[in-house]
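Model, not experiment: these values are computed from the prediction. In what follows, chains are A, B, ... by sequence order, proteins preceding strands, each numbered from 1. Scope of the values below: all heavy atoms of this structure, side chains included, with no hydrogens, waters or symmetry mates.
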Number of protein chains: 2
Amino acid sequence: MLDERGKKVLWAVVQTYIGYPDPVGSRVVTKKYAFGLSPATIRNIMSDLEELGYLSQPHTSAGRIPTDKGYRFYVDNLLMGRNPIAEDREVLLQINGRLKDINEDINCLIEDTSRMLSNFSHYLGVATAPRLTETRLRHIELVRHRGRHILVILVSSEGIVKNRIIPLREEIPQKILNKISQYLNEEFTGMTLREIKGKIVKEMSKEKVVFGRLVSQAIRLFREILNTQTDDAYSEDVYIDGLSSVFDMPDFANLSRIKEVFKAIENKYIIVKLLDRLIEFEGVQILIGSENQIEDMHEMSMVISTYKHGGAVLGTIGVLGPKRMDYSRVIPIVDYTAKRITNIISKS
Amino acid sequence: MLDERGKKVLWAVVQTYIGYPDPVGSRVVTKKYAFGLSPATIRNIMSDLEELGYLSQPHTSAGRIPTDKGYRFYVDNLLMGRNPIAEDREVLLQINGRLKDINEDINCLIEDTSRMLSNFSHYLGVATAPRLTETRLRHIELVRHRGRHILVILVSSEGIVKNRIIPLREEIPQKILNKISQYLNEEFTGMTLREIKGKIVKEMSKEKVVFGRLVSQAIRLFREILNTQTDDAYSEDVYIDGLSSVFDMPDFANLSRIKEVFKAIENKYIIVKLLDRLIEFEGVQILIGSENQIEDMHEMSMVISTYKHGGAVLGTIGVLGPKRMDYSRVIPIVDYTAKRITNIISKS
DNA sequence: ATTAGCACTCTATCATTGTGAGTGCTAAAT
DNA sequence: ATTTAGCACTCACAATGATAGAGTGCTAAT
């Protein structure tokens, strides 16, 4: 474990490096933070910190930069008790103001959130559109499409609209489809898709004996819908905003670095998978550098949280930036925004 | 007007420059294309071309590069009669194969198209989602949402699904909404939104006398829906794919150039507006450099076309790349793809 | 009209050198 | 037993200058 002095110096180095990405030398530390120690002593301490894996040196005669472990320690132990300063409060107020104005459909809300997170953090804003799985069905509608297909429209209690096209073996006239949707609406409205799935399995077992053709058709159809739905749970949309902010980060001031970043976020599928894995955790999550599993993202950090409705997690929002991002500012922003969105949705 | 020799040399310069973005010298032209002229003569011709504004020199002792006017002449007059070569035919076949597999909802089709255009052109793929205005209504559904709002779902005959949330003065129970949707479906299905608008104006005038409360409510509501719909005609989605291809273009091999490109495509609203202005033109459109109105896009060219259904233009697809893009390959790709999509949609 | 020849221009590249920030080590100071 | 001053050493980076090479424009010869 680190002693008090070690912590102080580590904090000073990370803090300074977050300010500007030049390796931090011993002299700078003494100048900026009067610890009452000389550069030589700081050098010794820094040398210790390097040995412990918290700092590293780009080359022998350069200052130190934090390692992932260093950032992790900083975030876990050196950031505590830091309440949002006045400037940040202002930002939170602005976020609140902007969110209040949005009375749109939930996907727009989430898209705007991603933009807002980017604007206020000056990093990349990330947000996943709400998943249907955990929400309650408000309405289902079946529309004939291209002969042997039907267009299925699902509406959740939050007003999330999803549509899928599913193929059929036989053509069903719109009139019958209307009856089927009516039946499905009466039977399943108010349940979560998960619950519906369970119910359908039960119904299917007795179906043949008790129900008529229409109902059995309806149930079979719904099962199909749910299957299609689950199949591409991963194809859910991610909104990533603020791409050009990358160009203002000195961390990525050369082409190959920038290219790496864009490679990383181009494949949204991978990001969704990453975010999905974190969806179960409570509160703000922080992933530093190689802590996330995406190869091309090892020079970046993510600060994310989830938004919910009725206890069920709907999606993820967060900020993606360089490892030396200003965590003390970003964390409250993400935290606050996630809570506000949860709040707004709960009023639906 | 250019004489035959001038055309040949201009063609040679553009062709060579498209191959690699180094200023083209007189020697290279004679080596690559045996015109039976010496470098000195070529130099004289190039000097003339420069005077006419088709070529320019980065500095005194460098070769020439085409100006926007030079590219324009090349595209308009020197590309004629060039049929797709074997390699390109192969590409078109692949596009066809891939498009056939997509049996999904139309937005996915368009999104995939953008990806495909990027893949096959090695530039950026661009595609706008279909507009509803010109399509026929297949289905409308009203769902109560958050008390005094309703969620409106419109389905076009092509299977395009759009949803809007509109606020109400008074709350309407779902039962009434169902009746209203039923009425609207019976009355308006099969008409284009434009036609519906016209009809509504007529109906509204006699409404008070002839119709009951329900019908008048329905019509008033629909008018509202259509208004909301038109308001954000510009907020239609654009899909831009292949961002990382920018990094492989030697034209944008330095940070400031790349930043410019990303600035340009970040604001999708501007792009939609640009594309919307070209929607009325028939066939493949080409915008070279400063011919498009977007400041940050003066180093780029666009090759675009439109896809339609029943004669009405639904949206735009195209390719965005450096001015020295390989027009002879990109044009047939865009042309073919647009036609294929039109074709696929017509089967709906 | 075309071209060979030549002087001239400009860029890109590479090695050289100097500068400065920063370190690690040692010996002196506290 | 810490802490610190002093000093030699390292390394990246910027500035400098020399060189090569590609390309031009002009002039005089074909």
*Asks:* For the pair made of CD1 in B/Ile45 and C1' in D/dG25, what is the distance, rounded to whole Å?
*Replies:*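 Whole-Å distance recorded here is 15 Å.
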*Asks:* Where each residue is assigned the nucleotide of DNA chain C containing its nearest heavy atom, which of B/Asn44 and A/Asn44 is assigned the position nearer the 5′ end?
*Replies:* B/Asn44
*Asks:* Counting only side-chain heavy atoms from C-beta out, which of C/dT3, D/dG25, D/dC11 sits nearest to B/Arg43?
*Replies:* D/dG25
*Asks:* So among A/Tyr123, A/Tyr71, A/Tyr327, which one has a side-chain hydrogen bond (donor to acceptor under 3.5 Å, both in side chains) with A/Ser301?
*Replies:* A/Tyr327
*Asks:* Between the side chains of A/Tyr33 and A/Gln15, does any donor sit under 3.5 Å from an acceptor?
*Replies:*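 Looking only at side-chain atoms, A/Gln15 and A/Tyr33 do not form any donor-acceptor pair under 3.5 Å.
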*Asks:* Heavy atoms, side chains only, cut-off 4.5 Å: are B/Met46 and B/Val13 in contact?
*Replies:* yes
*Asks:* I need the CG-C1' distance between A/Asp48 and C/dT23, as an integer number of Å.
*Replies:*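 The distance from CG of A/Asp48 to C1' of C/dT23 comes to 14 Å, rounded to the nearest Å.
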*Asks:* Does the side chain of B/Arg5 get closer than 4.0 angstrom to OP1 or OP2 of C/dA1 through an N or O atom?
*Replies:* no
*Asks:* Between the side chain of A/Arg257 and the main-chain N/O of A/Phe252, is any donor-acceptor distance below 3.5 Å?
*Replies:*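 Judged by distance alone, no pair lies under 3.5 Å.
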*Asks:* From the set D/dG23, C/dT23, C/dT2, return the single nucleotide nearest to any side-chain atom of B/Thr41.
*Replies:*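 The answer is C/dT2.
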*Asks:* Hydrogens and angles aside, do B/Asp335 and B/Thr337 bring a side-chain donor and acceptor to less than 3.5 Å of each other?
*Replies:* no
*Asks:* Would you check if the side chain of B/Asp296 reaches a backbone N or O of B/Lys263 as a donor-acceptor pair within less than 3.5 Å?
*Replies:* no
*Asks:* Report yes or no: is there a donor-acceptor pair, N or O only, under 3.5 Å between the side chain of B/Arg27 and the base of D/dG23?
*Replies:*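 No, the side chain and the base share no sub-3.5 Å donor-acceptor pair.
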*Asks:* Regarding B/Asp68 and B/Ser290, do their side chains bring together a donor and an acceptor under 3.5 Å, going by distance alone?
*Replies:*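 Yes, a side-chain donor-acceptor pair sits under 3.5 Å.
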*Asks:* Strictly below 4.0 Å: does A/Ser47 bring a side-chain N or O up to OP1 or OP2 of C/dT23?
*Replies:* no
*Asks:* Give me the residues of residues 252-259 of chain A where at least one heavy atom lies under 4.0 Å from an atom of DNA chain D, by number, or none.
*Replies:*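 Those residues whose heavy atoms fall under 4.0 Å from DNA chain D, taken from residues 252-259 of chain A, amount to none.
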*Asks:* In terms of side-chain heavy atoms of A/Ala40, which of D/dA5, C/dT3, D/dG25 is nearest?
*Replies:* D/dA5
*Asks:* On the ring face of B/Tyr54, is B/Lys69 found with NZ or CZ under 6.0 Å from the centre and within 45° of the axis?
*Replies:*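 Yes.
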*Asks:* Would you tell me whether A/Tyr239 and A/Thr128 have side-chain atoms, one donor and one acceptor, within less than 3.5 Å of each other?
*Replies:* no
*Asks:* Would you jot down, in residue-number order, the residues of residues 60-67 of chain A having a non-hydrogen atom under 4.0 Å from DNA chain C?
*Replies:* A/Thr60, A/Ser61, A/Ala62, A/Gly63, A/Arg64
